[in-house]
Amino acid sequence: MTPVKVFIVDDSAVVRQVLTDQLSAIAGITVMGSARDPIFAQKQMEKDWPDVIVLDIEMPRMDGITFLRQLMREHPTPVIICSTLTERGAEVTMQAMNAGAVDIIAKPKVGLRQFLEESSTLLGDAIKGASCARLEHFGAARRAGAAATMPVTPKLSAEAVETTRNFKALAATTDRVVAIGTSTGGTQALEYVLTRLPRTAPGVVIVQHMPGQFTAAFAARLNGLCEIEVREARNGDRVIAGLALIAPGTDHLLLRRSGAQYRVEVKNGPLVSRHRPSVDVLFRSTAQAAGANAVGIIMTGMGDDGARGLLEMHDAGAFTIAQDEATCIVYGMPKEAVKLGGVDAIIGLPQIPAMIVQAPSRQSYLRTINEVKK
């Protein structure tokens, strides 16, 4: 079985040594090298590129965020941030996720060696999960050679989380609910979209792939910037105009219908498309609860989570949108949704806020497009 090749970039010699020792003891992982800053790392990695990079943020000569952005432009590679800076709040975390980090692990300033030794399993699991992302989304040539030997966890569909209810969606009405799914680069994209929505905008439900300890802070930060209310979803919350509910980073978010109202269910369960919360779970439940009264939007992100769920929304009569490649940080999730045939419109990030406000039905949108073509 081919091991996952890991490279460590951290200015602390102690961290590099402890991580090397701990990760090397985990079956299926090989530490191929380490460096004290990104400049040295680049020179070493040119000889043999790693599958996953474990990266600090605060380093000499080049900080980790700058290096991460450069990597995603020039040589996209799954990166796990392991830094004390992420403990200080959401801002640096948001920057790291916007830049393309797959996962974030906060290390303490006190008791660092003990923490690293005790957290080696956590970091090892994160590395193996990131390696799956590499196989699926970072280069077909390498994927073809490694797919037969790389250990890959089972990839469950949204059916693994019970979403069905014994009722049909309401017939088409003027009320709309907007479901958004996003991942890598999504924190920045969501800020752009939500800060441009008026209080009269339709209710919005969102899955953003993000570590669980940061979603509440992310929602609170957006709430301070937006005209609409933004908060982390709570079980039973009603979906109403002028409110955006963001899935907790530890649980799935499902849309439910209660009479003529929409509410959300926050529900634990297995990873779906290797994520919890999963966009597929949100979109599938939205297809079932809202049908043609919903708008589904899939935005920047690595992977294919949400592609099948958006197709289900499309098949249920919802109007479905994908962010275009030019404005995506990572054109993975939208690309897969387009490939499956579940997308009615492909538009740039600047056009998405107006589309949410309009929240057209599929029929009205297509009618408008046909009139424009004439």
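- Exactly one of I53, T77, L55, I57 qualifies for a side-chain contact (heavy atoms from CB on, under 4.5 Å) with L68. That residue is L55.
- With no hydrogens or angles considered, no side-chain donor-acceptor pair links Q323 and T300 at under 3.5 Å.
- Here the side chains of H314 and D344 are in contact, with some heavy-atom distance below 4.5 Å.
- Rounded to the nearest 0.5 angstrom, E336 CD and L310 CG are separated by 12.5 Å.
- When atom types are taken as modelled, the side chain of N293 and the backbone of R176 share no donor-acceptor pair closer than 3.5 angstrom.
- Note: F218 CZ to N223 CG = 12.0 Å, rounded to the nearest 0.5 Å.
- What you find for P60 and R36 is that their closest heavy atoms are CD-O, 4.1 Å.
- Between H275 and H209, the ring planes are parallel. Angles under 30° get that label, and only those over 60° would be called perpendicular.
- A pairwise comparison of heavy atoms in P350 and T327 identifies CD-CG2, 4.2 Å as the closest pair.
- Closest heavy-atom contact between S273 and R308: OG-NH2, 3.1 Å.
- Within the 4.5 Å cutoff, the side chain of M45 has no heavy atoms near those of the H75 side chain.
- For the pair D305 and S278, the tightest heavy-atom approach, listed with the atom from each and the gap, is OD1-OG, 2.9 Å.
- Under the 3.5 Å distance criterion, the side-chain polar atoms of Q351 are matched with a main-chain donor or acceptor of G348.
- Taken to the nearest 0.5 Å, the CD1 atom of I180 stands 11.5 Å off from the CD1 atom of I298.
- With hydrogens and angles ignored, the 3.5 Å screen pairs no side-chain donor or acceptor of R276 with any backbone N or O of N268.
- Between the side chain of T320 and the main chain of G342, a donor-acceptor pair closer than 3.5 Å is present.
- Here CE of M355 is found 5.0 Å from CD1 of I321. Values are rounded to the nearest 0.5 Å.
- Judged by the 6.0 Å distance and 45° axis criteria, R61 is positioned over the aromatic ring of F40.
- The closest donor-acceptor contact from the side chain of D280 to the backbone of G309 lies under 3.5 Å.
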Q: Test salt bridge (Lys or Arg N to Asp or Glu O under 4.0 Å) on D237 and R231 and set out the steps.
A: CA-CA 11 Å; D237 277 344; R231 57 181 166 82; 2.6 Å; yes
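- Under a hydrophobic clustering in which Ile, Leu, Val, Met, Phe, Trp and Tyr are joined whenever their side-chain heavy atoms come within less than 4.5 Å, directly or via other members, M72 and L349 fall into the same cluster.
- No single ILVMFWY cluster, assembled from side-chain heavy atoms under 4.5 Å apart, contains both L340 and L282.
- A donor-acceptor distance shorter than 3.5 angstrom exists from the side chain of N235 to the backbone of V266, with no hydrogens or angles considered.
- Between I65 and R69 the shortest side-chain heavy-atom distance falls below 4.5 Å.
- For the pair H252 (side chain) and A247 (backbone), a donor-acceptor distance under 3.5 Å is absent.
- Here the side chain of R263 pairs a donor or acceptor atom with the backbone of G236 at under 3.5 angstrom.
- For the atom pair NZ of K335 and CD1 of I346, the computed distance is 12.0 Å after rounding to the nearest 0.5 Å.
- More than 12 non-hydrogen atoms from other residues, nucleotides or ligands lie less than 6.0 angstrom from NZ of K5.
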Validation: residues 193-207 side-chain donor-acceptor distances under 3.5 Å, sequence neighbours left out:
residue : atom : partner : partner atom : Å
T195    : OG1  : E191    : O            : 2.6
T195    : OG1  : Y192    : O            : 3.2
R196    : NH1  : Y192    : O            : 2.9

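- Here CG of D324 is found 11.0 Å from CE of M299. Values are rounded to the nearest 0.5 Å.
- Hydrophobic clustering (side-chain heavy atoms under 4.5 Å, transitive across Ile, Leu, Val, Met, Phe, Trp, Tyr) groups I39 together with F67.
- Considering all non-hydrogen atoms of both residues, L245 and A233 come closest at CB-CB, 4.0 Å.
- Between F319 and S361 the shortest heavy-atom distance is CB-C, 4.1 Å.
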